[in-house]
Amino acid sequence: MDWAEVYELAKEQSVVGLVAGGIETLLHGEPTTNDKQLVPKEWAKKFASATMRLEKRNMNMNQFIAQLITRLKKRDIHTFLLKGQGVAQCYEKPLWRTCGDVDLLVWGDNYQKAKDFLGSYASHSGKEHPYKKHLDMTISGWTVELHGNLRCGYSARIDNVLDKICAKAFSSASLSGKTVTSWMNEDIEVPILGREDNVLYVFVHFINHFYKGGVGIRQICDWCRLLWTFRGSIDTAALEQQLKRMGLMSEWRTFGAYAVEHLGMPREAMPFYSDDEKWRRKTRRIQQFILMTGNMGHNRNMNHNKLPFLKRKIESTTQRIHDLANHLMIFPLDTVRFLPGIFINGLRQK
């Protein structure tokens, strides 16, 4: 076992805490004669040290989210926490999940109110994406992303379903707590999308990244942890209906097979899982793509954003063509279906 390679790969994929959890299981499980060979002491300490830093960062982020939600509630701005720390609560050790940005869903008038209010606290604001109603800003050193909707921008069919999810979440019934879940962050209740909607959005989000540049192991692990936590309580009939409306059943089955075959997800907890060989063949290509592109495509040109506008567009277009050629071998029909939306939205962005 090359533990230096394991550590670098874990850092690249933002799963150091998850690997540390595996190491802890090995070291505190049934004693075997191979324990020392499996996890050398120096590498166990290195992972433990990195995990302690993760815990501290997560605690700081949780405190920031509690303050942020409190401020928004006081101004009657309704919001839902997307992905991130909400999904982290589905892990055995939430503080061991690598945290990223704070994503807030603010539907309807809440979007403009949140923009106006949080803008006064922001030290930096990015460029707004009108169609997605998406704006990122930096507040107290944390990146906060406002989502006026859940749209991905590569399929009107998918975006229509996501718009309905938003409308349902922000209905008066939902805001009374009847159709949503929540996370008690200290003594602050943080609203989160309902089970099926949360599972569906996390899935659609990483599929969006898969088609547009790269997906990481952490995003797939988030999806798996949601499914594992809600196993037995998910309305699979409703979930299947939504996936078919979006036309993403093939992607679900393929990534479901990937999670089972490559990540050890229990097959009984993966809805619509099939062990047909055709799905396994697709998973091998997905594995190659993830290792090649890195977490969310971070193995790409690190200086991409520093290039002039025209060079950035040429590089992005070339990269997309290569990726789509690869995806044609996995999802031929959907790659063709999503192609126009991917390029049109890519041209719209700065």
Side-chain angles (χ1 to χ4, degrees), residues 80-84 86-92 97 105 149-152 154-155 157-171 173-174 177-183 191-211 215 217-283 286 330-331 333-334 337-338:
F80 285 84
L81 183 67
L82 298 173
K83 305 177 282 142
V87 174
Q89 307 315 304
C90 293
Y91 283 85
E92 290 183 359
R97 176 191 178 274
L105 177 61
N149 56 55
L150 296 174
R151 296 171 186 169
C152 292
Y154 60 95
S155 168
R157 184 175 171 182
I158 294 173
D159 288 346
N160 287 338
V161 175
L162 294 174
D163 282 348
K164 290 177 182 177
I165 288 175
C166 278
K168 181 179 70 173
F170 278 86
S171 67
S174 294
K178 293 181 180 178
T179 61
V180 296
T181 54
S182 62
W183 160 43
I192 301 172
L193 292 175
R195 291 186 180 118
E196 292 79 20
D197 293 339
N198 204 358
V199 166
L200 191 65
Y201 176 65
V202 167
F203 172 71
V204 172
H205 179 75
F206 80 66
I207 291 296
N208 177 45
H209 282 287
F210 171 75
Y211 277 108
V215 65
I217 296 294
R218 187 188 64 170
Q219 287 70 41
I220 302 174
C221 287
D222 283 353
W223 176 55
C224 290
R225 286 305 308 187
L226 281 170
L227 289 170
W228 174 253
T229 302
F230 300 146
R231 68 194 185 282
S233 62
I234 289 179
D235 186 341
T236 54
L239 184 61
E240 183 177 15
Q241 187 179 47
Q242 296 284 60
L243 286 167
K244 287 182 176 178
R245 284 176 180 170
M246 291 179 164
L248 290 176
M249 185 56 77
S250 179
E251 282 80 356
W252 181 285
R253 287 187 182 278
T254 301
F255 276 93
Y258 176 80
V260 171
E261 300 296 332
H262 292 266
L263 302 181
M265 176 71 170
R267 61 179 62 192
E268 64 272 14
M270 176 56 67
F272 324 122
Y273 170 75
S274 171
D275 61 359
D276 192 293
E277 179 57 29
K278 73 174 182 179
W279 305 115
R280 293 180 178 179
R281 286 198 301 270
K282 294 175 184 289
T283 66
I286 288 174
I330 308 173
F331 307 114
L333 295 179
D334 284 347
R337 178 162 67 99
F338 299 148

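Just the heavy atoms: all of them, side chains too, but no hydrogens, waters or symmetry mates, feed the values below.
The line from CD1 of Ile217 to CD of Gln219 is 9.0 Å long, rounded to the nearest 0.5 Å. We find the CD1-OG1 distance between Ile234 and Thr229 to be 9.0 Å, quoted to the nearest 0.5 Å. Rounding to the nearest 0.5 Å gives a distance of 11.0 Å between CD1 of Ile165 and CG of Asp159. Taken from CD in Glu196 to OG1 in Thr236, the straight-line distance is 9.0 Å, to the nearest 0.5 Å.
Between Met246 and Gln242 there is no side-chain heavy-atom pair separated by less than 4.5 Å. Using a 4.5 Å heavy-atom cutoff, the side chains of Trp223 and Ile220 are in contact. Side-chain contact check for Val204 versus Tyr154: some heavy-atom pair is nearer than 4.5 Å.
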Derivation of the side chain to side chain contact (heavy atoms under 4.5 Å, CB included) call for Gln89 and Ile192: CA-CA 11 Å; Gln89 307 315 304; Ile192 301 172; 5.6 Å; no
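Checking side-chain atoms of Tyr91 against main-chain N and O of Asp222 turns up a donor-acceptor pair under 3.5 Å. Here the side chain of Thr254 pairs no donor or acceptor atom with the backbone of Glu251 at under 3.5 angstrom. Although no hydrogens or angles enter the test, the distance criterion places a donor-acceptor pair under 3.5 Å between the side chain of Ser233 and the main chain of Phe230. No donor-acceptor pair closer than 3.5 Å links the side chain of Trp252 to the backbone N or O of Glu240. A donor-acceptor pair is defined here as one N or O able to donate and one able to accept, closer than 3.5 Å; such a pair exists between the side chain of Thr181 and the backbone of Leu193. Of the possible donor and acceptor atoms, one in the side chain of Arg225 sits under 3.5 Å from a partner among the backbone N and O of Cys90.
Of all the heavy atoms in Phe203 and Leu243, the pair that sits closest is CE2-CD2, 3.9 Å. Pairing each heavy atom of Leu162 with each of Leu150, the nearest pair is CD1-O, 3.1 Å. Here the closest heavy-atom approach between residue Arg253 and residue Ser274 is recorded as NH1-CB, 3.8 Å. Taking every heavy atom of both residues into account, Ser155 and Arg337 meet most closely at OG-NH1, 3.8 Å. Annotation for Leu105 and Cys166: closest pair CD1-SG, 3.9 Å, computed over non-hydrogen atoms. Minimum interatomic distance between Asp275 and Arg267 (heavy atoms only, all atoms of both residues): OD2-NH1, 4.1 Å.
Aromatic ring orientation, Tyr211 versus Phe331: tilted (interplanar angle from 30° to 60°). A tilted orientation is assigned to the rings of His205 and Tyr201, their planes being inclined by 30° to 60°.
Other residues, nucleotides and ligands place no more than 12 heavy atoms under 6.0 Å from the CD atom of Glu92.
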